[in-house]
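Quick notes on the structure that follows.
The first residue of the sequence shown is numbered 1, and numbering continues consecutively from there. Source: prediction; values computed, not measured.
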Amino acid sequence: MTTYKTVLVDKISIFYREAGPAGAPVIVLFHGFPSSSHMYRDLIRELDGEFHLIAPDYPGFGNSDRPPLERFLYTFDHIAEIMEKFLQTLGIGKFSLYLQDYGGPIGFRIASKHPDWIQALIIQNTNAYEEGLTPMFDHLRPLWEKRTGVNEWRVTQTYKRAGTKWQYTHGVGDRSKVSPDAWNMDQYFLDQPHSHFIQLELQTDFGSNVKLYTRWHEYFRTYQPPTLVVWGRNDAIFSQQGAEAYRRDLKDIEVHFLATGHFALEENCDIIAGHIRRFFEARNLKKAA
């Protein structure tokens with residue numbers, strides 16, 4: 001059964017979902033843009049009999065606090081710092097990370113800083129290699145160099161309902177399997193006060209992630225966390241080449257492509273849950289937790 005909780009981290013209320021037995025192996029689920037822990041609702045129900053699952057909302061997302069820009073620095077470094085403190089506040093020791101979209105740059109920062117914390121990585125449509133960046137990033141790259149009114153306007157146009165719905169429906173095999181609750185929930189939070197400014201700050205800062213790619217590759221090569229890649233092959237944001245690139249630096253790795261898009265859990269949650277169960281059982285990771 002999923003429970004819904006909050007905890008204060010640096011005076012910011014962080015909302016999180018939690019489920020599963022206390023003694024089970026822990027999986028921390030970091031969500032993407034423009035989503036929240038809501039994107040993991042079905043996966044949590046699938047796995048809560050075998051794993052201890054914790055899915056937080058970042059500051060500025062979902063049900064967590066949304067402090068205005070003058071009171072909070074919205075960068076990936078800072079959000080990773082808050083999530084690191086969140087994990088420490090909950091007293092979580094060894095755990096696996098499920099990373100999607102923004103969850104990657106946040107989780108890779110934590111993993112490379114605390115490699116001893118990480119049991120395994122589950123990577124789903126999140127990038128750590130230049131070749132994984134599709135032409136979708138052409139409208140973001142100018143922001144990384146210089147912010148102008150025109151650049152900002154182009155980016156904020158994607159925050160409208162049509163853009164949010166597109167992220168969930170583009171590339172899926174069967175649209176009838178994708179609940180409109182997903183994009184309607186995200187849009188509700190995107191339309192809250194300060195939200196467009198918050199997202200613009202983070203997308204401006206996305207270039208900082210690209211600069212860290214080589215550092216994350218070094219982490220992969222040095223510590224070799226067992227890694228399961230489950231990837232929507234029709235994702236227009238992060239390419240299949242980006243998924244395959246993880247094989248260059250990781251030895252104990254599986255890569256599985258699914259006939260769906262960026263938010264693969266909406267259509268293929270049962271398949272992904274099955275891969276996770278088998279991956280952990282094959283490596284005795286449940287016993288190692």
Side-chain angles (χ1 to χ4, degrees), residues 1-7 9 13-59 61-64 83 86-87 89-104 106-107 110-111 117-126 167-168 172 177-186 188-189 227-232 256 258 260-281 285-286 289:
M1 177 180 176
T2 302
T3 56
Y4 307 92
K5 304 177 181 180
T6 60
V7 64
V9 178
S13 178
I14 300 298
F15 170 88
Y16 65 102
R17 300 165 195 256
E18 185 170 18
V26 177
I27 302 178
V28 176
L29 306 113
F30 282 164
H31 65 81
F33 164 84
S35 194
S36 66
S37 60
H38 180 260
M39 66 168 282
Y40 290 117
R41 65 201 181 280
D42 294 331
L43 186 65
I44 289 172
R45 285 193 292 268
E46 284 272 359
L47 296 177
D48 66 2
E50 306 158 69
F51 297 90
H52 184 183
L53 302 136
I54 298 170
D57 294 350
Y58 316 134
F61 290 77
N63 292 293
S64 289
M83 289 297 100
F86 165 80
L87 295 168
T89 300
L90 267 55
I92 302 171
K94 198 84 169 178
F95 57 88
S96 297
L97 277 174
Y98 189 119
L99 308 173
Q100 194 268 350
D101 193 80
Y102 277 10
I106 292 167
I110 294 172
W117 291 6
I118 306 303
Q119 184 183 32
L121 297 175
I122 305 165
I123 295 173
Q124 189 244 298
N125 297 84
T126 190
Q167 289 200 55
Y168 279 93
V172 302
K177 293 181 179 179
V178 182
S179 171
D181 294 345
W183 64 78
N184 286 331
M185 177 72 74
D186 287 0
Y188 171 79
F189 289 118
T227 300
L228 171 66
V229 178
V230 282
W231 199 277
H256 301 275
L258 309 170
T260 190
H262 186 64
F263 283 102
L265 283 170
E266 295 298 319
E267 191 176 19
N268 291 151
C269 180
D270 56 341
I271 296 173
I272 292 173
H275 281 309
I276 291 171
R277 291 189 190 98
R278 181 193 46 73
F279 183 85
F280 274 72
E281 289 168 1
L285 291 173
K286 291 184 178 180

Query - Test log, rule side chain to side chain contact (heavy atoms under 4.5 Å, CB included), inputs F95 and I54 - result: CA-CA 10 Å; F95 57 88; I54 298 170; over 6 Å; no
Query - I110 vs F30, side chain to side chain contact (heavy atoms under 4.5 Å, CB included): CA-CA, chis, key distance, verdict - result: CA-CA 11 Å; I110 294 172; F30 282 164; 3.8 Å; yes
Query raised in the report: How far apart are the C-alpha atoms of F280 and I27, what are their side-chain angles, what is the distance that settles it, and do they pass the side chain to side chain contact (heavy atoms under 4.5 Å, CB included) test?
Result: CA-CA 11 Å; F280 274 72; I27 302 178; 4.2 Å; yes
Report task. Report the C-alpha separation of V28 and Y16 in whole Å, then their side-chain angles, then the decisive distance to 0.1 Å, and conclude whether the side chain to side chain contact (heavy atoms under 4.5 Å, CB included) test is met. Result -> CA-CA 10 Å; V28 176; Y16 65 102; over 6 Å; no
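Residues passing the side-chain hydrogen bond (donor to acceptor under 3.5 Å, both in side chains) test with S36: none are found, sequence neighbours excluded. In this structure T6 satisfies the side-chain hydrogen bond (donor to acceptor under 3.5 Å, both in side chains) test with no other residue, sequence neighbours excluded. When the salt bridge (charged side-chain N to carboxylate O under 4.0 Å, His left out) test is applied to E46, the partners found at least two apart in sequence or on another chain are R277. R41 meets the salt bridge (charged side-chain N to carboxylate O under 4.0 Å, His left out) test with E266; sequence neighbours excluded. Residues passing the salt bridge (charged side-chain N to carboxylate O under 4.0 Å, His left out) test with D48, sequence neighbours excluded: none. Under the rule for a ring pair (Phe, Tyr, Trp, His ring centres under 6.0 Å), H38 has no partner lying at least two apart in sequence or in another chain. Applying the side-chain hydrogen bond (donor to acceptor under 3.5 Å, both in side chains) test to Q167 and every residue at least two apart in sequence or in another chain returns nothing. Listed by chain and residue number, H31, Y58 satisfy the ring pair (Phe, Tyr, Trp, His ring centres under 6.0 Å) test with F61 (two or more places apart in sequence, or in another chain). By the ring pair (Phe, Tyr, Trp, His ring centres under 6.0 Å) test, F189 pairs with no residue at all, sequence neighbours left out. Evaluation of the side-chain hydrogen bond (donor to acceptor under 3.5 Å, both in side chains) rule for N268 yields no partner, not counting sequence neighbours. Taking the ring pair (Phe, Tyr, Trp, His ring centres under 6.0 Å) definition, one finds that Y102 meets it with F33, F76, sequence neighbours left out. For K5, the salt bridge (charged side-chain N to carboxylate O under 4.0 Å, His left out) partners two or more places apart in sequence, or in a different chain, are E18.
Within the model, atoms OH of Y98 and CG of L228 stand 8.5 Å from one another, a figure rounded to the nearest 0.5 Å. Taking CZ of F51 as the start and CG of L43 as the end, the distance is 9.5 Å to the nearest 0.5 Å. Annotation: the span from K94 atom NZ to Q119 atom CD amounts to 7.0 Å, rounded to 0.5 Å. A distance of 8.0 Å separates CD1 of I123 from CH2 of W231, quoted to the nearest 0.5 Å. Note that CG of L265 is 5.0 Å distant from CE of M39, once rounded to the nearest 0.5 Å. Rounding to the nearest 0.5 angstrom, the gap separating the SG atom in C269 from the CZ atom in F263 is 14.0 Å.
The only member of L87, L90, I92, L53 that meets side-chain contact (heavy atoms from CB on, under 4.5 Å) when paired with V26 is I92.
The minimum heavy-atom distance linking A19 with I44 is given by the pair CB-CG2, 3.5 Å. Of all heavy-atom pairs between N63 and D57, the closest is N-OD2, 2.8 Å. Residues A55 and S37 come closest through the heavy atom pair O-CB, 3.3 Å.
If you check the side chains of D186 and Y168, you find a donor sitting under 3.5 Å from an acceptor.
Using the six-membered ring where Trp is involved, H275 and H256 have ring planes that are parallel, under 30° apart on the 30 and 60° scheme.
Side chain of Q124 to main chain of H262: a donor-acceptor pair is present (N/O by atom type, distance under 3.5 Å, no hydrogens or angles).
A 4.5 Å side-chain heavy-atom check between P59 and M83 finds at least one atom pair inside the cut-off. Using a 4.5 Å heavy-atom threshold, the side chains of L47 and Y40 count as separate.
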